[in-house]
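Presented below is the structure to which this report refers.
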Amino acid sequence: MNALFRLYDLSAPLVRAADLLRPLLLLALRLYLASVFFRSGLTKIADWDTTLYLFTEEYAVPVLPPALAAFMGTAGELLLPPLLALGLAGRFAALGLTVVNAMAVLSYPALFGFDCPAALQSHIAWGAGLLALFAFGPGALSVDHLIAARRMAR
C-alpha cells in the first residue's frame, strides 16, 4: 500500500500540470471542432445546387425531404460552430453538432457501410470530442464560464 501512495505522490505534479492545461485543451478542442463543421457548412453554401443534388441523390437522410435536410444540416454547420468556439451555450452547441455528425454518418451509405474507414474514423473522433465537450462543458476559457462567474457573484 505504501508503494501505491508513493506512486500517487510522484504523479501529483503531473496531475496539477494537466489540471492547469485543461482550459487550453478544451479551448483547442472547441476551436478545432468548430472549424471542421464551419468549413463544411461554407462548402455547402458555396455551391447550393450541388448541395441540393447530393442531398437528393447521394445522402439518405431519414424522414426529412432532401431540401429541408440540406437546409437544416447547413444551418447547423454554420450557426453552431461559432457558439462552440466562443463557449457560449457550449453544451447545446456540442450536442447539436453531435446530431449533425451522427446524421452525416447515418445518411451517407459509404460511411455507414464502412466503405470509407478513414472518413468514418474522422466522424468517430469528432463525435467523441463533441461528446466530451457536452459532458464536461466548454471550460474556463469560455463565455459560459464568464456568465456562470457573474451569476455566482450576484
Side-chain angles (χ1 to χ4, degrees), residues 11 14-152:
S11 70
L14 292 172
V15 171
R16 283 193 295 278
D19 286 343
L20 290 173
L21 289 175
R22 183 183 304 134
L24 288 173
L25 294 173
L26 288 171
L27 175 62
L29 180 60
R30 289 192 344 253
L31 293 175
Y32 167 69
L33 292 170
S35 73
V36 166
F37 285 92
F38 192 73
R39 284 185 283 128
S40 178
L42 291 177
T43 300
K44 287 179 179 65
I45 62 169
D47 190 350
W48 189 248
D49 289 336
T50 299
T51 298
L52 288 176
Y53 173 81
L54 288 171
F55 273 83
T56 302
E57 301 297 327
E58 197 71 27
Y59 307 146
V61 177
V63 182
L64 298 176
L68 180 59
F71 175 78
M72 289 178 66
T74 304
E77 289 179 331
L78 293 174
L79 299 175
L80 295 171
L83 293 176
L84 188 68
L86 293 171
L88 176 59
R91 283 187 160 118
F92 169 80
L95 185 60
L97 288 171
T98 298
V99 171
V100 170
N101 188 48
M103 288 308 300
V105 172
L106 293 173
S107 65
Y108 189 51
L111 284 177
F112 194 62
F114 304 104
D115 294 337
C116 301
L120 180 61
Q121 200 63 31
S122 292
H123 281 275
I124 290 170
W126 300 332
L130 289 166
L131 288 174
L133 289 171
F134 176 71
F136 301 116
L141 298 176
S142 68
V143 175
D144 285 353
H145 183 77
L146 292 174
I147 292 170
R150 283 251 171 123
R151 293 191 84 179
M152 293 292 284

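Values below: all heavy atoms of this structure, side chains included; hydrogens, waters and symmetry mates excluded.
Within the structure, side chain to side chain donor-acceptor pair (under 3.5 Å) pairs that include any residue of residues 49-64 comprise D47-T50 (at least two apart or interchain). Residue pairs meeting the salt bridge (Lys or Arg N to Asp or Glu O under 4.0 Å) criterion with at least one partner in residues 132-142, sequence neighbours excluded, do not occur; the list is empty. Each salt bridge (Lys or Arg N to Asp or Glu O under 4.0 Å) pair with one or both residues in residues 78-87, not counting sequence neighbours, would appear here, but there are none.
Side chain of R39 to main chain of S35: a donor-acceptor pair is present (N/O by atom type, distance under 3.5 Å, no hydrogens or angles).
For the side-chain contact (heavy atoms from CB on, under 4.5 Å) test, no residue two or more places apart in sequence or in another chain qualifies with R150. When the side-chain hydrogen bond (donor to acceptor under 3.5 Å, both in side chains) test is applied to D19, the partners found at least two apart in sequence or on another chain are R22. Residues forming a salt bridge (Lys or Arg N to Asp or Glu O under 4.0 Å) with R91 (at least two apart in sequence, or on another chain): none.
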For residues 116-145, run the donor-acceptor check on the side chains, cut-off 3.5 Å, and write out each pair with its distance to 0.1 Å, sequence neighbours left out.
from, atom 1, to, atom 2, distance (Å)
S122, OG, A118, O, 3.3
H123, ND1, N101, OD1, 2.6
W126, NE1, Y32, OH, 3.1
S142, OG, G139, O, 2.7
S142, OG, H145, N, 3.1
D144, OD1, A89, N, 2.7
D144, OD2, A89, N, 3.4
D144, OD2, G90, N, 2.8

Please tabulate, for the side chains in residues 62-88, all donor-acceptor contacts under 3.5 angstrom to protein atoms that are two or more places apart in sequence or on a different chain.
from, atom 1, to, atom 2, distance (Å)
T74, OG1, A70, O, 2.7
E77, OE1, S40, OG, 3.2
E77, OE1, G41, N, 3.4
E77, OE1, K44, NZ, 2.9
E77, OE2, S40, OG, 3.0
E77, OE2, K44, NZ, 3.4

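Distance CZ/F38 to OG1/T43: 10.5 Å, rounded to 0.5 Å. The structure places CG of L26 at 11.0 Å from CG of L31, a figure rounded to the nearest 0.5 Å.
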